[in-house]
Undergrad: 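First the structure, which I've put down as C-alpha cells, then a few questions once you've had a look.
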2 protein chains.
Amino acid sequence: MQSKTKSALETLRERLTNGHYALGARLPSERSLCAALGISRSGLRKVLSRLEAEDLVWRHVGKGTFAGPRPALGSESFRIVTSKTNPLEIMEARLMLEPHIAAAAAQRASFQEIERLALCAKRNHEANDLETNEKWDVLFHETLVIATRNSLLIALYGGISKMRLSDEWCLRKQQWITPENWESFKKQHGSVVQAVRERDEAGAEKAMHEHLISVRQHIQSTYL
Amino acid sequence: MQSKTKSALETLRERLTNGHYALGARLPSERSLCAALGISRSGLRKVLSRLEAEDLVWRHVGKGTFAGPRPALGSESFRIVTSKTNPLEIMEARLMLEPHIAAAAAQRASFQEIERLALCAKRNHEANDLETNEKWDVLFHETLVIATRNSLLIALYGGISKMRLSDEWCLRKQQWITPENWESFKKQHGSVVQAVRERDEAGAEKAMHEHLISVRQHIQSTYL
DNA sequence: AACTACACCAAAATAACATTGGTGTCTAAT
DNA sequence: ATTAGACACCAATGTTATTTTGGTGTAGTT
C-alpha cells in the first residue's frame with residue numbers, strides 16, 4: 001500500500017524542518033533508516049529522491065545522506081581541480097594574489113627571510129636544468145608568502161605551488177622559456193628582493209606585477 | 001674508525017651537489033642506505049644530521065629523507081590552518097582576492113549567474129537570523145567566484161568560505177553586526193550586483209573593495 | 001501498479017598493516 | 001673514557017585491505 005511510504009516521507013520532512021536533523025547533519029544510512037521506518041529500501045529511496053529534489057537533503061555515494069541543500073563548492077577536492085585548470089588560469093590567480101603578497105612581505109619579512117629570498121633567486125638563475133630552476137622559483141615565491149605572516153594566505157598559496165609542480169606546467173614552461181627571458185626573470189626577481197629589503201611596499205608590488213605580466217605574456221605566446 | 005663515516009659524508013655530499021640525488025628527490029631509507037654505504041645506522045644518522053644542518057637534506061618521520069632544503073609549506077594541512085587563522089587574516093586575504101574576482105566576474109558572468117547573485121543579496125538582507133544571513137552572504141561571494149570561470153580561483157576561494165563558516169567567525173560576527181551596518185552591507189552588495197550587471201569591471205572592483213574595507217573596519221573595532 | 005527482497009557495483013570512509021626517521025641502551029673495540 | 005656498532009622500541013606516515021555507503025537493476029509479491 002502507498003500509505004507507508006507516504007507517512008515515511010512526512011516523518012522525514014518533519015524531522016528535517018523542525019531541526020531533529022540539524023542543517024548539514026548526517027542522516028542514518030539508507031539500510032538502517034528503512035529498517036527503522038519499517039519500509040523497504042526501494043521505498044525509502046523514492047522518499048529520499050523526493051526530499052533531495054526539494055533541496056531538503058543531499059546525498060553522495062560512500063559518504064551518506066545529509067540534511068540541507070548541497071554545498072555549492074568545497075565538495076571538490078584539489079586533485080580534481082588539477083585536471084581542470086591550466087597555466088593561464090594559474091597566472092590569473094597569481095596576478096591577483098602575488099603583488100599584494102609582495103607588498104605585505106616587504107612590510108613584515110624578517111632579515112632571515114630576506115636572505116632566504118636572495119638565496120632562492122641566486123640558486124634559481126644558477127640552475128642549469130629546467131626542473132631545478134622551476135623548483136627554486138617556486139621556493140622563492142613560497143618564501144615571499146610565508147613572510148606575510150598570514151597563515152590563511154600561506155595555505156591558499158600552497159594550492160598554487162602544487163599546480164606549478166604538475167607535469168603540464170613543466171611541459172608548457174619548456175615551450176616558452178628562452179635564454180633571453182631567463183635573464184629578464186633574473187632581473188625581475190632581483191627587483192623584488194631589493195624592494196623587500198628596502199621595505200618598499202609599493203615597489204615590491206609593482207615589481208611583482210611586472211614579473212608576472214612578463215611570465216603570462218610568454219605563456220600566452222605559446223597558445224597562439 | 002672515523003674514516004668510514006667521514007668518507008660516507010663526502011660520498012653523500014657529492015651525490016647531493018652533482019645531481020645524483022635531484023632536488024626534492026627521496027633518498028633511500030636510513031636502514032638500506034647505511035647498509036649500502038657499509039656503515040652503521042648510528043654513524044649514518046650523524047652524517048645525515050650534518051647534511052641537514054647544511055640544508056642539503058631534510059627529514060621527516062614516516063616520510064623519509066629528501067634532497068634540498070626543507071619545503072616551507074605544503075606540509076601543513078588545511079585543518080591545521082583553521083586553528084591558526086583569525087578574522088583579520090581572512091579579511092586580508094579577501095581584500096587581495098575579491099576585488100579582482102569581482103572585476104573578472106563582471107567580465108564573464110552569465111545572465112543566470114547575475115540573477116543568482118541578485119537573489120543571494122536579496123535573501124541575505126531578508127534573513128532575520130544571523131546564521132541564515134551569513135549563509136546567503138557566503139553564497140553571494142561564492143557565486144561571484146564561480147562566475148570567474150577560473151577553476152583554480154574557485155578551489156582557492158573554497159578555503160576562505162570554510163573559514164567563514166567556522167565557529168570563531170560566527171561568534172565574532174555577532175559582536176560587530178548591527179542594524180546600521182547590516183543596512184550598509186545591503187547597499188554595498190547592491191552596488192556590486194549593479195556593476196556586474198553593467199559589465200563595469202572597474203566599478204565592480206571598486207564596490208567590492210569598499211565593501212570589504214567596511215567589513216574589516218567593523219571587525220577591527222571589536223579587537224580594540 | 002506499488003512495494004519488497006535481493007544481488008551487485010563503484011565511491012568513499014575506515015581499519016589494519018608496513019615503513020620511516022627519532023631515541024635510547026647496551027656491548028665491543030681502541 | 002670515548003667511539004662506533006647492534007639492537008629494541010616509539011610515533012608519524014604511507015600503503016593496503018576491508019567495510020560502509022549510495023546507486024542500479026532484477027525478480028518476486030501483494
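Just so it is clear: chains get the letters A, B, ... in the order the sequence lines come, proteins before strands, and each one is counted from 1.
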Undergrad: Taking atom CZ of A:Arg123 as the centre, does the number of heavy atoms from other residues, nucleotides or ligands within less than 6.0 Å exceed 12?
TA: no
Undergrad: Show your working on ring pair (Phe, Tyr, Trp, His ring centres under 6.0 Å) between A:His209 and A:His100 and close with a plain yes or no.
TA: CA-CA 9 Å; A:His209 181 78; A:His100 299 299; 9.5 Å; no
Undergrad: Would you tabulate the nitrogen or oxygen pairs shorter than 3.5 Å linking the protein to nucleotides 16-20 of chain C?
TA:
{"unit_1": "C:dT20", "atom_1": "O2", "unit_2": "B:Gly62", "atom_2": "N", "d": "3.1"}

Undergrad: When the distance from CG of A:Leu27 to P of D:dG22 is rounded to whole Å, what number comes out?
TA: 9 Å
Undergrad: Between A:Glu113 and A:Arg108 (salt bridge meaning N to carboxylate O under 4.0 Å), is one present in this structure?
TA: no
Undergrad: Considering non-hydrogen atoms only, spot the tightest contact between A:Glu89 and B:Asn150 and give its length.
TA: O-ND2, 3.1 Å
Undergrad: Could you tell me the separation between the CZ atom of B:Arg59 and the P atom of D:dA12, rounded to a whole number of Å?
TA: 17 Å
Undergrad: Decide if the gap between the ring center of B:His189 and the ring center of B:His125 is smaller than 6.0 angstrom.
TA: no
Undergrad: Is B:Arg70 paired with B:Asp55 through a side-chain N to carboxylate O contact shorter than 4.0 Å?
TA: no
Undergrad: If I compare all heavy atoms of A:Ile154 with all of A:Val145, which pair ends up nearest, and what's the gap?
TA: CG1-O, 3.6 Å
Undergrad: One pair to check against side chain to side chain donor-acceptor pair (under 3.5 Å): A:Glu98 and A:His141. What are the steps and the verdict?
TA: CA-CA 8 Å; A:Glu98 294 204 45; A:His141 292 273; 2.7 Å; yes
Undergrad: Between D:dG5 atom P and B:Leu37 atom CG, what is the distance in whole Å?
TA: 12 Å
Undergrad: Could you check whether B:Glu126 pairs with B:Lys122 (Lys NZ or Arg NE/NH1/NH2 to Asp/Glu carboxylate O, under 4.0 Å)?
TA: yes
Undergrad: Assign the ring pair B:Phe185 / B:Trp176 to parallel, tilted or perpendicular, where the plane angle (0 to 90°) is split at 30° and 60°.
TA: perpendicular
Undergrad: Find the bend of the helix from C:dA1-D:dT30 to C:dT30-D:dA1 as the angle between its two terminal axes (five pairs each), to the nearest 10°.
TA: 10°
Undergrad: Quick check on contacts: within residues 38-51 of chain B, what sits under 4.0 Å from DNA chain C by heavy-atom distance?
TA: B:Arg41, B:Arg45
